[in-house]
Amino acid sequence: MDIPYINLVKTLAERFEGVEVDRTQDLKFGDYYTNLAFKMAKDYKKPPKVIAEEIVESVNVEGVYTEVAGGYINFQLNDSTLLRFINRMAKGIDLSKNVNTSILVEFISANPTGPLNVANARAGAIGEAIVRVLRFLGYKVHSEYYVNDAGTQILKLALSVLHHIDKNKYEFPEGGYKGEYIKTLAKLFKDKYHSDTEAFGREISHKILESQKDTLRRFGIEFDNFVFESEIRGSEYPDMVIDALRDRNLIYYQDKEGNTLGVGEKRLKDIVERCRSGYALMFKSSDFGDDKDRVLIRSNGEPTYFFCDSAYHLHKLFRNYDILIDIWGPDHYGYVQRMKAMVEALSEYYKLKSQFVVIIHGQVNLYEDGKMIRMSKREGKIYTLDELLDDVGKDAIRFFMLLRSPSSELNFDISLARKFEKDNPVYYTQYAHARISSLLEYARENGIKPSRIKDFSNDDERLLARILQFFPYYILKVLPPTLRNSYIFDHHYEISADFSPNLLVDYLIELSHAYHKFYQNNRIVGSGRDGERLTLSLAVMNVIREGLNLIGVSAPERMVKV
RNA sequence: GCGUCCGUAGCUCAGCAGGAUAGAGCGUCGGCCUCCGGAGCCGAAGGUCGCGGGUUCAAGUCCCGCCGGACGCGCCA
């Protein structure tokens with residue numbers, strides 16, 4: 001598909017490397033602008049205005065009106081360019097190209113010890129939006145969910161359930177799990193206990209995972225792949241982590257007094273034995289910029305979460321994706337450096353080349369009637385995603401979770417969301433879609449069909465079309481700048497974690513507003529411009545439907561009053 | 001103490017690999033339905049972009065230092 005914005009950027013980039021083209025802050029300046037002349041002014045020792053004029057004379061962007069204003073160079077699509085694009089958009093929007101980049105996105109990965117919560121909902125909304133946008137552009141993307149179905153928390157889960165099965169026989173474990181769901185599980189697993197507590201815990205956790213999947217289905221998310229910690233533990237990857245780190249001299253033993261010892265043992269089994277004698281196995285993550293070295297195996301012989309996660313990431317690396325994206329909650333801030341250190345160490349050793357980025361999303365604060373709801377996982381006082389789905393529904397949650405930039409905190413007022421029949425940007429946007437849908441039906445009943453737009457009959461039409469054509473620009477804005485450039489120019493860049501799905505959401509609101517305004521002031525059926533305006537409306541509808549779909553929100557044909 | 005994120009209109013927040021008079025929604029006030037869905041539209045009021053320095057032709061955006069808030073800093077996950 002021929003995208004005016006991309007054509008513009010490419011034409012300029014042929015002559016001026018690193019040129020940036022952005023949307024103007026006011027449409028009176030045109031559609032796009034570049035500050036290239038300001039940037040060049042210093043090197044060429046000429047006023048920006050003069051340079052701008054020289055640039056404009058030396059490049060000719062087809063189909064675009066170019067103007068120098070001060071040092072700015074403003075671009076406005078000609079009517080013919082704009083019209084061609086709008087007519088095309090009315091038929092459907094396809095931005096996909098054969099991008100030669102594969103990406104794995106891992107997100108949510110909640111412990112299978114309880115129901116999903118609102119923080120998981122945010123991770124899910126962000127992760128799924130990123131996956132869908134990348135796919136829309138043609139990237140080969142897989143989504144993945146890592147299941148921590150092994151280790152101490154699974155043992156605690158088993159014991160928590162056992163306690164409810166037989167209070168006399170089993171003590172409630174320290175830091176065990178509380179909540180109604182534990183009692184439900186106790187009933188379910190009452191007769192299924194066998195002597196292997198760990199396996200019992202794993203079975204319970206898989207049951208919990210099934211209900212998490214049910215929740216995710218309600219939330220509109222289906223993962224491509226699930227990876228189980230229990231399988232990673234039994235695989236060759238833990239050994240391979242050790243092999244790499246030992247060969248690179250990046251591990252050592254340390255006892256609780258701080259005495260250190262080199263690692264002579266070859267096999268993981270023997271290392272674990274050594275650890276049982278009072279030594280922890282340490283990883284020299286400080287060599288890679290971490291604050292301090294990290295424990296891989298505790299002095300009781302138990303591997304840490306970090307060690308298993310390292311093995312899991314080695315597994316990811318071996319699958320040879322170009323890019324690995326992890327989306328973590330704010331409680332994992334302190335974890336980023338050590339994981340990056342580990343991935344770097346392992347990548348070097350095994351000569352694996354995936355780029356690794358971690359997106360940390362901000363926390364979610366729940367409010368009810370203006371007051372913050374304090375949650376405590378330990379006490380089993382959590383507001384679950386299921387409850388939130390019952391309360392406000394999938395669409396509102398998805399939309400609201402993406403309204404803020406991923407890194408910032410998010411205040412979610414349930415009581416506000418609940419009474420959101422009006423004043424809600426979700427409904428506002430959906431309504432624009434439903435309105436057009438209903439308009440098209442009305443037109444159909446009256447035997448009127450969309451027809452090719454050949455010109456604009458007034459500024460309202462032109463203005464709406466200009467906002468409409470920004471869609472690809474905002475899709476690309478969701479990506480970090482470097483990845484965006486790699487899409488446009490087919491170059492390879494190092495990516496960063498700055499994804500901004502919130503910009504797409506804002507755009508959908510803006511476009512909806514533009515359409516409501518257009519609709520308010522312009523009769524469509526019976527205007528004498530029936531077919532043309534239907535086409536314009538159709539293009540808007542396609543964009544809104546596509547945009548909502550990318551953020552996992554439904555685009556209804558009609559709004560149903562609650 | 002160290003690290004990360006945040007401090008922008010009464011409220012919730014956009015904008016930040018520097019660029020044109022700082023934007024939106026909600027709330028407040030005032031208007032608009034003979035007509036394709038008023039779940040809509042129009043207008044008004046409202047800001048020394050936490051404070052102080054610095055870099056720059058240009059700083060809400062970058063750098064440094066404060067102040068305030070959240071989170072992280074475990075042989076937990």
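Nothing here was measured: the structure is a model prediction, and the numbers come from that model. Residue numbering restarts at 1 for every chain, and letters A, B, ... go by the order of the sequence lines.
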Separation of the C1' atoms in B/rC5 and B/rC13, to the nearest angstrom: 15 Å
Candidates B/rC41, B/rG15, B/rC36 - which lies nearest the side chain of A/N502: B/rG15
A/R558 bridged to A/E441 by N-O distance under 4.0 Å: yes
Check: A/Y32 ring centre within less than 6.0 Å of A/Y473 ring centre: yes
Closest to side chain of A/K477, choosing from B/rC16, B/rC36, B/rG18: B/rC16
Pairing pattern in dot-bracket form [Watson-Crick, G-U; both distances under 3.5 Å; | = partner strand] for RNA chain B: (((((((..((((.....[...)))).(((((.......))))).....(((((..]....))))))))))))....
Salt-bridge criterion met for A/D290 and A/R294 (N-O under 4.0 Å): yes
Closest to side chain of A/H513, choosing from B/rG40, B/rA17, B/rC41: B/rC41
Nearest-Å distance for atom pair CZ/P, residues A/R404 and B/rG15: 10 Å
Base B/rA58 to side chain A/N35, donor-acceptor N/O within 3.5 Å cut-off: no
Steps toward salt bridge (Lys or Arg N to Asp or Glu O under 4.0 Å) verdict (A/E174, A/K156): CA-CA 8 Å; A/E174 183 159 350; A/K156 276 179 188 164; over 6 Å; no
Carboxylate-amine/guanidinium proximity below 4.0 Å for A/E144 and A/K316: no
Closest nucleotide among B/rA20, B/rG15, B/rG40 to the A/L503 side chain: B/rG15
Length of the line joining A/D22:CG and B/rC16:C1', which is rounded to integer Å: 11 Å
Touch class at under 4.0 angstrom, heavy-atom based, for A/D530 against every strand present: nothing
Interatomic distance, A/K28 NZ vs B/rA20 C1' [rounded to whole Å]: 8 Å
A/Q363 side chain, from C-beta outward: closest of B/rC71, B/rG69, B/rA20: B/rC71
Ring geometry between A/Y515 and A/F518 (parallel below 30°, tilted from 30 to 60°, perpendicular above 60°): tilted
A/R523, nearest nucleotide to its side chain (from B/rC36, B/rU12, B/rC42): B/rC36
Of A/A37 and A/P48, the one whose closest RNA chain B nucleotide lies more 5': A/A37
Any A/N411 side-chain nitrogen or oxygen under 4.0 Å from OP1 or OP2 of B/rC13: yes
Face-to-face stacking of A/F38 with B/rA58, centres under 5.5 angstrom, angle under 30°: no
B/rC33 glycosidic torsion: syn (within 90° of 0) vs anti: syn
Presence of A/Y428 side-chain N/O under 4.0 Å of B/rG37 phosphate oxygens OP1/OP2: no
B/rG46 versus B/rG72 - spacing of their C1' atoms, nearest Å: 38 Å
Gap between atoms CD1 and P, on A/I73 and B/rA20 respectively (whole Å): 16 Å
Validation row, ring centre A/Y146 to ring centre A/Y312 under 6.0 Å: yes
Proximity of A/Y305 and A/Y335 rings by center, below 6.0 Å: yes
Sugar-phosphate, base or nothing in reach of A/S408, heavy atoms under 4.0 Å: sugar-phosphate
d(NE2, A/H433; P, B/rG40) in whole Å: 17 Å
salt_bridge(A/R404, A/D506) N-O dist < 4.0 Å: no
Whole-angstrom distance between B/rG10 and B/rG3, as gauged at atom C1': 34 Å
Sequence-aligned protein contact record of nucleotides 72-77 of chain B, with B where the base is within under 4.0 Å of a protein heavy atom and S where only the sugar-phosphate is: S-SBSB
A/H433 side-chain N/O to A/P556 backbone N/O, donor-acceptor pair under 3.5 Å: yes
A/I436 CD1 to B/rG40 P, straight-line distance once rounded to whole Å: 15 Å
Nearest-nucleotide pick for A/Q520, side chain only, options being B/rG15, B/rA17, B/rC41: B/rC41
Between B/rC13 (P) and A/L402 (CG): distance, integer Å: 15 Å
Touch class at under 4.0 angstrom, heavy-atom based, for A/S405 against every strand present: sugar-phosphate
A/E54 and A/K46: CA distance, side-chain angles, deciding distance, salt bridge (Lys or Arg N to Asp or Glu O under 4.0 Å) verdict: CA-CA 11 Å; A/E54 288 172 6; A/K46 282 189 223 172; 3.1 Å; yes
